[in-house]
Amino acid sequence: MSGRAEVTEKPVRADAPGRGRALARIAAGRRRWIVAAALLAVACSLPFQLVPFRVFQFTMVLVYAVALLGLNLLVGHAGQISLGHGAFFAVGAYGTAIMLDRWDVPHVLTLPAAAATAFALGLALGLPAMRLRGLYLALVTLAIAIFLVPLLKRFESVTGGSMGLTLGKPAPPAWTGLAEDQWLYFLALAVAVAAFLLARGLLHSRVGRALHAVRDNEAAAEVMGVRLSFYKTLAFAWSAMFAGAAGSVYTWVIGFVSPDSFAVTLSITLLAGIVVGGLGSFSGPLLGGLFVMFVPGISQDVNDAAPGVIFGLLIITVMYVAPTGLAGLAGRVARSTKKILRKE
Amino acid sequence: MSGDAFLAVEGLHAGYGDARVLHGVDLTVGRGEICAILGPNGAGKTTLLRALSGMIRVRGDVRLDGTGLARRSPDALARQGVAHVPEGRGTFMPLTVEENLRLGAFVRRGRGAVGADLDRVCAYFPVLRTRLKQVAGSLSGGEQQMLAIGRALMLRPRLLLLDEPSLGLAPLVTEELFRIVRAVNEEERTTVVVVEQNAHLALGVAQQAHVLESGRIVLSGSAERIRADEQVARSYLGYRV
Ligand SMILES: Nc1ncnc2c1ncn2[C@@H]1O[C@H](COP(=O)(O)OP(=O)(O)O)[C@@H](O)[C@H]1O
Ligand SMILES: [Mg+2]
């Protein structure tokens with residue numbers, strides 16, 4: 001899927017002289033940094049422009065974007081499917097909640113601990129699951145998501161059962177002069193930027209190349225000496241780690257966890273989010289985060305009786321209009337605008 | 001003969017689940033030789049190469065320079081220097097040519113050496129050098145086959161397995177490919193096993209040839225002898241060479 005997207009995204013002219021092409025590449029690289037810097041500037045000014053409720057919504061967009069970075073790694077870059085991503089999100093959220101509730105662990109420390117727990121769990125569950133393919137893998141990951149809610153309810157003494165746990169949110173330090181919602185937003189933004197850079201680093205490494213090889217041609221990857229089950233499991237564990245980190249920030253932001261927030265629908269919404277956002281692209285997780293945050297609410301507004309139907313129809317529409325996701329669509333729009341501008 | 005054989009295969013059985021394809025293949029390839037595997041469609045040629053690179057489970061004995069290779073994993077075999085150019089090339093389409101090439105050296109460590117090998121491979125296939133940053137999916141069929149062979153060479157293989165490099169390519173391109181394979185073989189003393197439908201081409205570069213039919217070797221000999229034997233050509237290859 002993403003393969004096609006990339007092929008069409010980078011039409012390279014073979015006849016262009018090498019030097020010109022190298023310069024063009026440097027220019028393109030610089031342009032990408034400028035876009036990233038502009039985006040970051042907008043992101044930083046956002047909480048000063050919006051009312052607290054909107055700031056909260058964009059904080060959640062960032063939280064989902066972190067989770068989707070992980071899912072993108074697994075689905076978009078390693079070519080494996082997971083219908084259980086929400087379970088690792090829940091592990092991070094509950095892990096953080098329990099650390100705060102039982103041991104008064106400082107907020108900053110809960111995040112690495114939650115991410116590490118999710119990573120370890122991803123490794124343990126991925127080891128058997130990643131020997132499966134396609135439909136079987138989908139079913140096993142779905143089972144993980146299904147079992148989670150009853151499990152959380154069952155261990156009531158630790159998890160608070162159906163009632164959930166209520167926790168204190170990280171307080172903004174006085175020197176920042178920020179309100180609570182703004183502080184939470186900036187925490188989420190910092191985590192999102194760090195997660196983005198980490199994912200980028202992973203993908204540009206030798207291991208990232210191995211994941212792409214597994215996605216694009218398993219048999220060829222295998223003869224190159226890429227151990228399929230090892231790299232698939234690693235991708236699964238990483239994706240779990242990002243979900244765990246996102247879940248941790250979720251608990252900071254919401255200050256409350258309950259089992260029903262992490263039902264199977266969360267996993268499915270996340271998968272829909274990354275597919276709609278754009279698999280295998282760098283802007284996909286952010287666009288997907290916007291989708292996960294806003295689209296279910298919009299569907300609810302359109303038709304209160306059957307939000308699921310509207311949600312489904314929206315997904316189908318997006319996939320029909322933009323088979324490579326919103327990221328692909330954005331790229332196409334940018335290219336045709338450029339073409340039109342050049343002609344004039 | 002098997003005393004100084006570089007690759008020695010004995011009683012090799014392999015297949016897919018219940019479907020048995022190879023029924024006890026015996027063959028030897030001398031060090032630095034090019035060996036052609038000929039035979040009709042469905043004879044098991046691809047399966048033989050897959051067995052040699054560890055992609056499918058086997059029964060029997062495979063030795064490379066005396067080291068037992070049977071039942072090892074593909075990555076262990078890659079580390080032993082077995083490079084396999086699969087049927088259909090196995091291009092990683094969305095990745096760039098350079099990324100494809102670097103994946104060929106996946107089991108090797110050391111950036112410097114890999115960089116030097118990029119140069120070495122591009123010297124054999126100059127067209128790849130001009131395409132390094134290009135997406136591999138945008139290459140022509142011939143270029144993709146060059147990329148597939150170049151990628152295999154990135155391993156600095158001791159044994160190079162080629163599966164129908166001529167498939168779907170124009171005769172001129174195919175000739176060029178075989179000329180390069182020959183050059184690699186001569187310059188680097190790489191032992192090559194090449195599977196081909198195009199017997200004429202394969203026998204032109206190979207020293208030894210084996211004819212595979214229904215999972216058994218039915219004929220072995222020097223390439224010259226097999227080429228000269230018209231009877232062989234008719235009965236085993238199904239056409240005149
Ligand atoms: N992946 C596979 N699964 C099951 N059977 C296969 C597979 N690949 C090949 N075969 C069968 O094995 C036999 C030999 O195939 P193959 O080795 O591809 O022959 P060749 O390369 O000589 O044309 C054929 O009967 C084919 O149907
Ligand atoms: Mg074949």
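For clarity, every value in this text was computed on a predicted model and none was experimentally measured.
Neither the backbone nor the side chain of Arg89(B) comes within contact range of chain A, judged by heavy atoms closer than 4.5 Å. Contact of Leu155(B) with chain A is not made at all, since no heavy-atom distance falls under 4.5 Å. Looking at Ser73(B), there are no atoms closer than 4.5 Å to chain A (heavy atoms on both sides), in backbone or side chain.
Counted by atom type alone, Thr269(A) and Tyr64(A) present zero donor-acceptor pairs between their side chains at under 3.5 Å.
Aromatic pair His23(B)/His13(B): ring centres not closer than 6.0 Å. Between Phe88(A) and Phe236(A), the gap from one ring centroid to the other is short of 6.0 Å.
Judged by the 6.0 Å and 45° rule, Arg206(A) forms a cation-pi pair with Phe106(B).
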